[in-house]
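When reading the values below, keep in mind they use all heavy atoms of this one structure, side chains included, and skip hydrogens, waters and symmetry mates.
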Amino acid sequence: MKMDIFYNSLKAYLPLTEEDKKILKEIVQVREINKNEIFFEEGHISDEIYYVLEGCVRLFYNVDVVDKTAFFYTEGQFICAGESYTYNIEARENYQAIEPSKILVFGKNEIEYLLNKSPKFELIARVAVENELITSQKVIASFVTKSPEERYVDLLDTHSDLFLRVPQRYIASFLGVSPETLSRIKARVYKKLKS
């Protein structure tokens with residue numbers, strides 16, 4: 001069952017009893033999202049935390065009428081519009097399913113319920129927000145310290161599956177280059193790998 005993926009990912013942080021699993025199963029909502037569907041948009045206040053059970057989700061920002069990809073989430077990752085969720089302000093980010101996806105949805109009310117049941121459930125919210133912070137820091141560090149070609153090689157080394165799952169225009173946007181530049185980078189990297 002898909003919930004086992006979620007339970008197993010939490011094991012690294014806290015042991016879950018059968019009762020804990022039962023409580024989680026009762027309050028969590030499983031949402032199916034169609035390919036290309038935007039399920040959270042800028043301008044709204046986030047009151048949910050998501051967990052990707054299956055599929056791929058793109059985080060993007062609208063900048064001067066152009067959408068710019070900031071990150072991709074795949075199975076086993078939390079998603080949270082952290083600033084909006086924490087401070088109850090309008091979000092700047094958008095989340096779009098790149099392929100048919102299934103996500104777990106934790107609303108603020110459900111999280112409050114979990115916290116009243118047991119303080120150890122605070123971990124779910126904390127891990128989600130911390131993951132979002134770490135993601136942001138990695139993206140910023142990558143853009144400050146690496147060239148687009150180095151970012152491409154990193155992506156190839158760490159998440160090569162994305163090249164099969166995500167349209168190339170989104171990969172290019174994530175790397176901060178045009179699709180044409182991405183083609184040239186790919187050719188250069190391929191040439192280096194062959195030599």
Side-chain angles (χ1 to χ4, degrees), residues 2 5-6 8-10 12-13 31 33-42 46 49-85 91-104 127-195:
K2 291 289 179 191
I5 295 168
F6 177 62
N8 288 334
S9 72
L10 288 183
Y13 306 100
R31 189 180 297 167
I33 304 168
N34 296 320
K35 181 177 180 175
N36 297 324
E37 180 182 340
I38 296 171
F39 62 91
F40 181 81
E41 289 186 272
E42 64 187 286
S46 173
I49 291 174
Y50 310 106
Y51 178 88
V52 183
L53 277 178
E54 67 182 51
C56 181
V57 172
R58 176 175 81 110
L59 161 61
F60 71 93
Y61 296 90
N62 287 308
V63 183
D64 299 327
V65 216
V66 176
D67 72 58
K68 296 198 174 185
T69 302
F71 199 71
F72 301 102
Y73 300 88
T74 54
E75 292 84 1
Q77 290 182 292
F78 281 102
I79 301 172
C80 178
E83 186 180 26
S84 176
Y85 184 89
R92 292 178 285 180
E93 53 266 87
N94 303 274
Y95 295 108
Q96 176 187 30
I98 296 300
E99 55 192 26
S101 302
K102 278 186 188 169
I103 59 172
L104 296 181
V127 166
V129 173
E130 284 173 0
N131 282 356
E132 199 62 31
L133 176 63
I134 290 165
T135 295
S136 300
Q137 288 174 332
K138 282 182 179 175
V139 170
I140 291 166
S142 174
F143 271 86
V144 170
T145 63
K146 296 180 180 177
S147 69
E149 189 167 318
E150 289 170 322
R151 291 195 299 275
Y152 172 81
V153 171
D154 280 352
L155 193 62
L156 205 53
D157 288 343
T158 58
H159 298 289
S160 59
D161 64 310
L162 288 177
F163 290 93
L164 301 174
R165 301 172 77 174
V166 174
Q168 293 303 291
R169 69 182 185 277
Y170 295 150
I171 299 277
S173 174
F174 173 68
L175 296 173
V177 299
S178 68
E180 296 75 24
T181 301
L182 176 58
S183 292
R184 288 193 292 273
I185 289 171
K186 286 166 101 172
R188 279 198 305 271
V189 169
Y190 181 71
K191 192 175 177 182
K192 283 179 189 174
L193 291 173
K194 281 195 79 175
S195 57

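Proximity of F71 to Y95: side-chain heavy atoms (C-beta onward) are nowhere separated by under 4.5 Å. Between Q96 and D67, every side-chain heavy-atom pair lies at or beyond the 4.5 Å cut-off. Side chains of Q77 and Y51 form no contact here, defined as non-hydrogen atoms less than 4.5 Å apart. Contact check for V166 versus C56: side-chain heavy atoms found under the 4.5 Å cut-off.
Every residue was checked against the side chain to side chain donor-acceptor pair (under 3.5 Å) condition with S136, not counting sequence neighbours, and none meets it.
Screening residues 166-176 for salt bridge (charged side-chain N to carboxylate O under 4.0 Å, His left out) gives no qualifying pairs among residues at least two apart or on separate chains. Residue pairs meeting the ring pair (Phe, Tyr, Trp, His ring centres under 6.0 Å) criterion with at least one member in residues 148-180, sequence neighbours excluded, are F72-F174, Y152-F163.
Donor-acceptor pairing under 3.5 Å is recorded for the side chains of E42 and N94.
Of all heavy-atom pairs between A81 and F40, the closest is CB-CE2, 4.2 Å. V52 and I79 get closest at one heavy-atom pair: CG2-CD1, 3.7 Å.
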Inset, instruction - Please lay out, stage by stage, how E93 and F60 fare under the test side chain to side chain contact (heavy atoms under 4.5 Å, CB included). - result: CA-CA 6 Å; E93 53 266 87; F60 71 93; over 6 Å; no
Legend entry - Trace of the ring-ring contact (aromatic ring centres under 6.0 Å, His included) decision for F39 with Y50: CA-CA 11 Å; F39 62 91; Y50 310 106; 5.2 Å; yes
Legend entry - Stepwise side chain to side chain contact (heavy atoms under 4.5 Å, CB included) check, T74 with R165: CA-CA 10 Å; T74 54; R165 301 172 77 174; 3.7 Å; yes
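The backbone N or O of T69 lies less than 3.5 Å from a partner atom in the side chain of S173, making a donor-acceptor pair. A donor-acceptor pair under 3.5 Å is formed between the side chain of E75 and the backbone N or O of G55.
From R31, atom CZ reaches atom CG of L104 across 10.5 Å, with rounding to the nearest 0.5 Å. To the nearest 0.5 angstrom, C80 atom SG is 11.5 Å from E130 atom CD. The CD atom of E150 sits 8.5 Å away from the OG atom of S142 when rounded to the nearest 0.5 Å. Atoms CD1 and CD1, on I171 and I185 in that order, are 12.0 Å from each other to the nearest 0.5 Å. Distance check: Q168 CD to L182 CG gives 5.5 Å after rounding to the nearest 0.5 Å. With values rounded to the nearest 0.5 angstrom, E99 atom CD is found 13.5 Å from R58 atom CZ.
Residues E149 and K192 are paired through a salt bridge, judged by an N-O separation under 4.0 Å between the basic side chain and the carboxylate.
By the 6.0 Å contact criterion, CZ on R92 is open, its count of non-hydrogen atoms from other residues, nucleotides or ligands being 12 or less.
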